Peer 1: 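Attaching a single structure in structure tokens format; questions to follow.
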Amino acid sequence: MKQYIVFILIALFCFSCKSSAQIKSRDLKAFQMTKQEYTQFKNFLLSKNLQVKDTVFIKYDFDKETCWNGLDSEGKKYINIIVKQFQEHVSNFNSLYPTAVAYNFRQPGKNFNKLKLWDETIIVDDTELLKKLIFKNKATCGTSAIILGDGSYLLYEYDPHFELLSLHHNYDGKKF
């Protein structure tokens, strides 16, 4: 019950925050994993040598995606600058919030643009467990999620920049 209340408070906080993306409550979809599914989720992260914290943020990109194809004509140096900026976005979030962690995943496959293929920090959902449990519907430019310790989660579809991380940059508590 306590975790459910925390989830509601986070959802309300998300709805009232201003971010550069102006995420609105209607843009977020709420779901609940079963205990068995949440255990599978945690075990999957642990099998990848990843941390499981109170709150897990995940950006998920799908195979055969065209969101960033316009950048493929750019040079390697330019694309690598954008990759580095995205990596810093995730790293800065992880440094600021000790009770939360953010990861960048993608569906297996080779039909990705250079921006996604060249980012070595993107973790491949090799068994497609995350796709099966959380990211069931393919969305252009990917989907991000906030997953709480009770298995409840919010999805934000069509999220090319992992904007869910930006919702909390003005949050002083450093804890979710």
Side-chain angles (χ1 to χ4, degrees), residues 1-15 17 19 21 23 27-63 83-84 86-109 112 116 119-139 141-157 159-176:
M1 182 66 169
K2 183 179 178 182
Q3 289 180 330
Y4 181 74
I5 292 170
V6 170
F7 181 72
I8 296 296
L9 291 174
I10 288 175
L12 289 173
F13 179 75
C14 288
F15 301 159
C17 279
S19 81
I23 297 172
D27 298 328
L28 299 169
K29 298 176 184 173
F31 298 92
Q32 176 71 50
M33 284 185 262
T34 65
K35 288 184 183 199
Q36 181 182 7
E37 289 171 333
Y38 184 69
T39 298
Q40 286 180 301
F41 168 72
K42 288 192 310 186
N43 289 339
F44 174 77
L45 292 182
L46 294 171
S47 76
K48 299 281 186 193
N49 296 318
L50 301 174
Q51 296 179 8
V52 178
K53 294 192 176 184
D54 294 342
T55 308
V56 178
F57 288 73
I58 294 178
K59 166 77 168 92
Y60 196 93
D61 289 296
F62 299 92
D63 192 23
V83 167
K84 184 176 175 166
F86 188 83
Q87 290 170 347
E88 287 173 355
H89 178 55
V90 174
S91 179
N92 289 341
F93 177 88
N94 287 334
S95 296
L96 284 172
Y97 301 102
T99 62
V101 64
Y103 297 117
N104 195 3
F105 277 89
R106 72 171 174 83
Q107 189 177 14
F112 288 91
K116 298 300 174 181
D119 186 342
E120 295 177 1
T121 65
I122 297 176
I123 306 158
V124 177
D125 181 16
D126 51 0
T127 63
E128 295 198 8
L129 180 74
L130 295 178
K131 185 175 185 304
K132 179 183 140 208
L133 291 178
I134 301 168
F135 303 98
K136 298 171 185 170
N137 298 318
K138 182 176 180 176
C141 297
T143 299
S144 52
I146 303 171
I147 302 118
L148 300 179
D150 66 351
S152 58
Y153 62 98
L154 294 173
L155 282 182
Y156 179 54
E157 295 177 323
D159 186 9
H161 302 286
F162 208 171
E163 289 297 331
L164 280 183
L165 296 185
S166 299
L167 287 176
H168 297 289
H169 284 187
N170 294 323
Y171 180 60
D172 295 328
K174 305 281 189 267
K175 184 176 180 183
F176 294 95

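Nothing here was measured: the structure is a model prediction, and the numbers come from that model.
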Peer 1: For Asp150, is there any backbone N or O sitting under 3.5 Å from a side-chain donor or acceptor partner on Lys35?
Peer 2: no

Peer 1: Applying side-chain contact (heavy atoms from CB on, under 4.5 Å) to Thr34 and Thr39, what does each step give before you reach the verdict?
Peer 2: CA-CA 9 Å; Thr34 65; Thr39 298; over 6 Å; no

Peer 1: Side chains of Gln87 and Asp119: donor-acceptor distance under 3.5 Å anywhere?
Peer 2: yes

Peer 1: Within the structure provided, determine whether Gln40 and Leu133 are in side-chain contact (heavy-atom separation under 4.5 Å).
Peer 2: yes

Peer 1: Just verifying a value: how many Å separate Asn104 CG and Phe57 CZ, rounded to the nearest 0.5 Å?
Peer 2: 14.0 Å

Peer 1: Answer whether the closest heavy-atom distance between the side chains of Glu120 and Val83 falls below 4.5 Å.
Peer 2: no

Peer 1: When you look at NZ of Lys48, are more than 12 heavy atoms from neighbouring residues, nucleotides or ligands closer to it than 6.0 Å?
Peer 2: yes

Peer 1: What class does the angle between the rings of His89 and Phe162 fall in, given that below 30° is parallel, 30 to 60° is tilted and above 60° is perpendicular?
Peer 2: perpendicular

Peer 1: Using a 4.5 Å cut-off on heavy atoms from C-beta on, say whether the side chain of Asp125 contacts that of Phe44.
Peer 2: yes

Peer 1: Please give me the minimum heavy-atom distance between Tyr60 and Lys131, naming the atom from each residue.
Peer 2: OH-CB, 3.4 Å

Peer 1: Restricting to non-hydrogen atoms, name the atom on Gly142 and the atom on Asp61 that form the minimum distance, rounded to 0.1 Å.
Peer 2: CA-OD1, 3.8 Å

Peer 1: Does any non-hydrogen side-chain atom of Thr55 lie less than 4.5 Å from one of Thr99?
Peer 2: no

Peer 1: Using every non-hydrogen atom in the two residues, find where Asp159 and Lys59 come nearest and quote the distance to one decimal.
Peer 2: O-CE, 2.7 Å

Peer 1: Taking everything shown except Glu88 itself, do over 12 heavy atoms lie less than 6.0 Å from its CD?
Peer 2: yes

Peer 1: Return the orientation label for the Phe105 and Tyr103 ring planes: parallel under 30°, perpendicular over 60°, tilted otherwise.
Peer 2: perpendicular

Peer 1: For the residue pair Gln32 and Ser152, what are the closest heavy atoms and their distance?
Peer 2: OE1-CB, 3.2 Å

Peer 1: Are the side chains of Phe41 and Val52 in contact, using a 4.5 Å heavy-atom criterion?
Peer 2: no

Peer 1: So Ile58 and Ile147, do their side chains get closer than 4.5 Å, heavy atoms only?
Peer 2: yes

Peer 1: Quick check against the 3.5 Å criterion: does Asn94 have a side-chain atom that pairs as donor or acceptor with the backbone of Ala102?
Peer 2: yes

Peer 1: Is there side-chain contact between Asp54 and Leu148, with at least one heavy-atom pair below 4.5 Å?
Peer 2: no

Peer 1: Given 3.5 Å as the limit, does a donor-acceptor pair link the side chain of Lys138 with the main chain of Asp63, or not?
Peer 2: yes

Peer 1: Tell me if a side-chain donor or acceptor on Thr143 pairs with a main-chain N or O of Ala139 at a distance below 3.5 Å.
Peer 2: no

Peer 1: Show your working on side-chain contact (heavy atoms from CB on, under 4.5 Å) between Val90 and Leu165 and close with a plain yes or no.
Peer 2: CA-CA 8 Å; Val90 174; Leu165 296 185; 4.2 Å; yes

Peer 1: Side chains of Glu128 and Gln107, heavy atoms from C-beta outward: is any pair under 4.5 Å?
Peer 2: yes

